[in-house]
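Throughout, protein chains are lettered first and strands after them, A, B, ... in sequence-line order, and every chain is numbered starting at 1.
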Number of protein chains: 2
Amino acid sequence: MKRKITLKQIARELEVSISTVSKALKDSAEISEDTKQKIKAFAKLYHYRPNNLAISLKNRRTKNIGVIIPDIVHYFFTTVFRGIEHYSQEHGYNIIACVSDESLEKEIINMEMLANGSVDGFILALSAETQKKNEFDHLREILDQGIPLVLFDRVTDEIECDKVMINDQEAAFLGVKKFIDNGRKKIALITTEDYFSVSRDREAGYRQALLQFGLPLDEDLILKLPFMALDESAINMFFSTQEVDAVLCVNEIFAIHCMNLVQQKGIKVPEEISFIGFTDGILSKYANPGLTSIAQHGFRMGEIAAKMLIGKIEDDLGEEEEETYHTEIIRSNIIERGSTIN
Amino acid sequence: MKRKITLKQIARELEVSISTVSKALKDSAEISEDTKQKIKAFAKLYHYRPNNLAISLKNRRTKNIGVIIPDIVHYFFTTVFRGIEHYSQEHGYNIIACVSDESLEKEIINMEMLANGSVDGFILALSAETQKKNEFDHLREILDQGIPLVLFDRVTDEIECDKVMINDQEAAFLGVKKFIDNGRKKIALITTEDYFSVSRDREAGYRQALLQFGLPLDEDLILKLPFMALDESAINMFFSTQEVDAVLCVNEIFAIHCMNLVQQKGIKVPEEISFIGFTDGILSKYANPGLTSIAQHGFRMGEIAAKMLIGKIEDDLGEEEEETYHTEIIRSNIIERGSTIN
DNA sequence: TTGTATGCGTTATCAG
DNA sequence: CTGATAACGCATACAA
C-alpha cells in the first residue's frame with residue numbers, strides 16, 4: 001500500500017525545489033527542457049496526480065456540484081439527474097448527490113453540509129415539505145453567500161434564481177385538448193394536494209382547457225390524492241361515483257395505478273376511458289395498453305440546469321456584473337400510446 | 001454577497017490568535033470561559049462554519065464516498081444507491097455519484113478523477129464493458145493506493161476486496177423450482193450474453209434446478225439477448241418456435257417485455273405461460289398481471305455496502321492490521337404476483 | 001490561558 | 001532557469 005506521491009516527495013527525490021517540480025509538470029517555459037524531462041519521467045513513473053483537495057482549497061473552486069433531489073427512485077428525477085451528470089462530466093465537474101426524501105429538514109441539512117466549501121453550486125428540486133411549508137430561508141442563505149443555485153421542476157416564485165421547467169399549464173391544456181379532440185366530454189383530473197407548484201399549474205391548464213372549449217367544470221371530477229401513499233379506496237370510490245370518459249393524471253404512477261384499477265372493474269381502456277399521464281417514464285412505456293404521456297424531457301432539463309449552473313459558476317470568476325436570472329422553459333410534448341385513441 | 005467567514009477573520013476582529021478561536025469553538029478546556037463565550041457568540045452571529053476542504057486536507061479524510069454505477073435509470077441500481085445514500089448520510093458521509101454508462105473508459109475516468117483526494121473509498125458495480133473485457137487494472141490500482149473498495153452485484157473473482165451480492169445461482173434455482181412445483185415442464189431462460197457475472201450465476205442455477213429435478217435440458221430453451229437494445233424480433237421468433245410454459249428472465253425489463261409480446265399473441269399469462277423476473281422493481285409491481293419477481297433487496301445491499309466501506313475507511317485509521325475481505329450475501333426471496341400460479 | 005509555529009498539497013509571486 | 005515564501009483555512013504540538 002503506497003500512499004499517493006506528492007510534489008514534495010518528488011522534489012526531495014530529485015533534489016530540486018517543490019516549485020520547480022510544480023512548474024515542470026505544468027510544462028512551464030521557465031524550466032529547462034532537461035529538468036522538465038527528468039521530472040516528468042519521474043512523476044509518470046510514480047503516477048503522480050495532483051491532490052484535488054489542495055487545488056480546490058487554493059482555487060476556492062471545487063469543481064463539484066451539489067444536486068439535491070426529493071427522491072431518486074422516481075423516473076423523472078433520475079432522468080434529470082442523468083442529464084446533469086452527463087453535462088457536468090463533460091465539463092469536468094463532479095456531482096455530489098443528496099436525496100432530501102421530500103423532507104425540508106434533510107434538504108436543509110444537505111445544503112448546509114455542502115455549502116461549506118464542498119461544492120461550487122447547487123441544482124435542486126424542492127421537497128414536498130419545503131413546498132408545503134413555504135420555507136426558503138436555506139435557499140436565500142446560500143444565495144446570499146454568493147453560491148449559485150438552479151431550481152428545476154419544483155420551483156417557487158419566492159426565490160430569485162435560475163430555473164428550468166416545462167410549461168406545466170400549457171402541457172396540461174394540451175392533454176385535455178387531445179381528449180376533447182377525441183370527443184371526450186367528462187374529463188377528470190387526478191392530482192396531488194395543492195402545495196406542489198407543478199400540480200397547481202397543471203390544474204390551471206386543465207381548467208383553462210375546459211373553459212376555453214366550453215365544457216362544464218365539475219369540481220367533483222377533480223380528485224386530489226395524498227402524495228406519498230397511494231389511496232386505492234379513494235380511487236375506487238371515485239370511479240364508482242363519477243362518470244368519466246377521460247382522465248388526466250399529474251404523474252405516471254397515479255395514471256398507471258388508476259388504469260389498472262379501472263381495468264380490473266372491466267372497463268375498457270381506451271374505449272370507455274382514456275388516460276394521459278405526466279412523466280413519460282418506463283411505466284408508461286411498458287403499461288398495457290401503453291400510457292399516452294406528456295414527456296418532460298428530463299435529460300434535457302438536467303443538461304440545461306447543469307449548463308446554467310456551470311455558466312454562473314464560471315462567470316462569477318469574471319467581473320462582478322449585475323446578477324441576472326433566467327427561467328428556461330423546456331418544450332414538452334405528448335407521446336401517444338394505446339391509452340388514448342388516435 | 002458576503003463571503004464565508006474564516007477563523008482568521010474572527011481572530012482579527014476579536015484581536016486574538018487563530019488558534020485561540022479554533023480552540024474556543026471546539027470548547028477546549030484550555031480557553032477561559034470568558035473568551036470562549038465571546039468567540040462563540042461572534043462566530044454564531046456571523047454563521048461561522050469550518051471549511052470542509054481545509055479540514056479534509058488536514059485530516060486526509062474527505063468524508064466523501066465515490067459511487068460508480070453503470071446506469072442510474074435502472075431501478076435496481078437506483079435502489080442500491082438509495083441504500084448507500086441513506087447509510088452514508090447517517091454516518092456523516094457524502095456521496096459523489098458517477099455513472100459509467102456501461103463503459104470501461106468512463107469507469108476508469110471517473111475513478112481516476114475521484115481517486116486523487118476527492119473520496120475516501122469507492123462503491124462500484126462493474127460496467128458491462130468492464131466485465132466483457134475483463135480489465136480490472138484500475139481497480140487494482142486504487143486498491144494498491146490503499147483506497148478501500150466495495151463491489152456490489154456485478155462483481156469479479158479477480159479482485160480481492162469486499163463484496164455484496166445476492167446468491168444469484170440459488171435465487172435462479174428457487175425460481176425454477178417454483179415453476180416445477182407448479183407443474184411446469186418446459187421452462188425457458190431468457191438472459192443476457194455471458195459476460196455478466198450475475199447472468200452466468202443465474203444460468204448455473206437454472207441448469208442446476210433442471211438437473212436436480214430431472215427435467216431435460218434443452219439448450220434451445222435458453223435465449224440470450226443483447227444487453228443494451230431490446231431485440232423484439234428475436235423474442236417473437238423464440239416464442240413462435242419454442243414451446244414453453246414458463247420463463248425465467250434475468251431482469252425485469254426482459255420479463256415485462258416478453259410478457260407483453262406473448263400476451264399480444266393471445267397467449268394467457270399465467271395460465272399458458274408463467275413468468276418470473278429478477279429485480280423486484282416498479283415495473284413488476286405495476287405490470288398486468290403483476291410479475292412474480294426475485295427481490296434483490298437493493299436498499300439493504302446499498303446499506304451494507306456503505307457499512308462495509310465506512311468500516312474499512314475508519315479502520316484504516318487504526319492499526320495497520322492484516323487486510324481481510326468479506327463477501328456479504330444478501331438473502332433474496334420471491335415476491336409472488338399474478339404472473340405465476342400460486 | 002493564550003499564542004507561535006508547523007503542516008496538509010498546491011500554486012503564484014518574486015528574488016536570485 | 002531555479003528556489004524561497006506566502007497563501008488557501010484549519011488543527012495541534014509546543015512555547016510562553
Side-chain angles (χ1 to χ4, degrees), chain A residues 2-40 42-43 46-64 114-120 145-146 317, chain B residues 2-40 42-43 46-64 114-120 145-146 317:
Chain A
K2 43 178 187 195
R3 273 247 149 276
K4 294 232 61 147
I5 195 167
T6 68
L7 287 186
K8 190 194 259 191
Q9 292 167 50
I10 298 182
R12 194 172 26 194
E13 291 298 323
L14 263 36
E15 302 188 299
V16 290
S17 78
I18 294 180
S19 35
T20 302
V21 179
S22 175
K23 286 171 189 163
L25 291 177
K26 316 206 83 130
D27 212 21
S28 158
E30 292 182 39
I31 309 294
S32 73
E33 273 310 318
D34 255 23
T35 35
K36 275 203 277 195
Q37 287 317 319
K38 199 171 55 180
I39 291 174
K40 282 185 187 170
F42 190 90
Y46 285 91
H47 296 104
Y48 170 77
R49 293 270 177 275
N51 180 309
N52 292 330
L53 287 177
I55 292 180
S56 294
L57 184 58
K58 181 128 235 320
N59 299 169
R60 293 133 153 285
R61 318 250 331 279
T62 62
K63 289 260 181 180
N64 288 158
L114 299 183
N116 307 123
S118 297
V119 302
D120 296 336
Q145 290 173 27
L317 302 182
Chain B
K2 45 181 185 192
R3 274 246 150 279
K4 296 232 63 151
I5 195 168
T6 68
L7 286 186
K8 190 194 259 190
Q9 293 168 48
I10 299 182
R12 195 172 25 193
E13 289 299 320
L14 263 38
E15 302 188 300
V16 290
S17 78
I18 295 178
S19 46
T20 303
V21 179
S22 174
K23 288 171 187 163
L25 292 177
K26 318 206 82 137
D27 211 23
S28 157
E30 292 181 34
I31 309 294
S32 73
E33 272 311 318
D34 255 23
T35 36
K36 274 204 275 194
Q37 288 315 321
K38 199 172 54 178
I39 290 174
K40 282 185 187 171
F42 190 90
Y46 285 91
H47 296 104
Y48 171 77
R49 295 268 178 275
N51 180 309
N52 292 331
L53 287 177
I55 292 180
S56 296
L57 185 58
K58 179 130 240 315
N59 298 167
R60 294 132 153 282
R61 316 249 333 276
T62 62
K63 289 259 180 182
N64 287 157
L114 300 182
N116 307 123
S118 296
V119 302
D120 296 336
Q145 290 172 27
L317 303 181

Spell out yes or no: do the side chain of B:Lys58 and the base of C:dG9 have one donor N/O and one acceptor N/O closer than 3.5 Å? no
Does a nitrogen or oxygen in the side chain of A:Ser17 sit under 4.0 Å from OP1 or OP2 of D:dG3? yes
Nearest-Å distance, CG (A:Leu57) to C1' (C:dG7)? 13 Å
C:dG3 phosphate, OP1 or OP2: any side-chain N/O from B:Thr20 under 4.0 angstrom? yes
Look at the side chain of B:Asn51 and the backbone N and O of B:Leu53, then say whether any donor-acceptor pair between them is shorter than 3.5 Å. yes
Quick one: on DNA chain D, does A:Glu30 or A:Ile18 contact a more 5' nucleotide (nearest heavy atom)? A:Glu30
Separation of B:Arg60 atom CZ from D:dC10 atom P, in whole Å? 19 Å
Looking at B:Ser28, is its backbone amide N or carbonyl O close enough to the side chain of B:Lys36 to form a donor-acceptor pair, meaning the two atoms are under 3.5 Å apart? yes
Measure CZ/A:Arg61 against P/C:dT10 and give the value in whole Å, please. 19 Å
Can you see if the side chain of A:Thr35 gets near the phosphate of D:dT2 - specifically, an N or O under 4.0 Å from OP1 or OP2? yes
The reported gap from NZ in B:Lys40 to CD1 in B:Ile10 (rounded to nearest 0.5 angstrom) is 13.0 Å
Just the rounded figure in Å: distance from P of D:dC8 to CG of A:Asn116. 18 Å
If you check the B:Ser32 side chain, which of C:dT10, D:dG3, C:dT1 turns out closest? C:dT1
Roughly, in whole Å, what's the span from CD1 in B:Ile55 to P in D:dC8? 17 Å
Given DNA chain C, 5'-ward residue of the pair B:Glu33 and A:Ser22, judged by closest heavy atom: B:Glu33
Whole-Å distance between D:dG9 C1' and B:Arg12 CZ? 13 Å
Do B:Gln37 and B:Glu33 have side-chain N/O donor and acceptor atoms under 3.5 Å apart? yes
If you check the A:Lys23 side chain, which of C:dC8, C:dT10, C:dC14 turns out closest? C:dC14
Side chain of A:Leu7 - closest among C:dT11, C:dT2, C:dG9: C:dT11
Nearest listed nucleotide, side chain of A:Asn51, among D:dA11, C:dC8, C:dT10: C:dT10
In whole angstrom, give the distance that lies between atom CG of A:Leu25 and atom P of C:dA12. 13 Å
Rounded to whole angstroms, how far apart are CG on B:Asn59 and C1' on D:dG9? 12 Å
Heavy-atom donor-acceptor pair, B:Ser56 side chain to B:Asn52 backbone, under 3.5 Å: yes
Does the base of D:dA4 carry an N or O that pairs as donor and acceptor with the side chain of A:Ser19 under 3.5 Å? yes
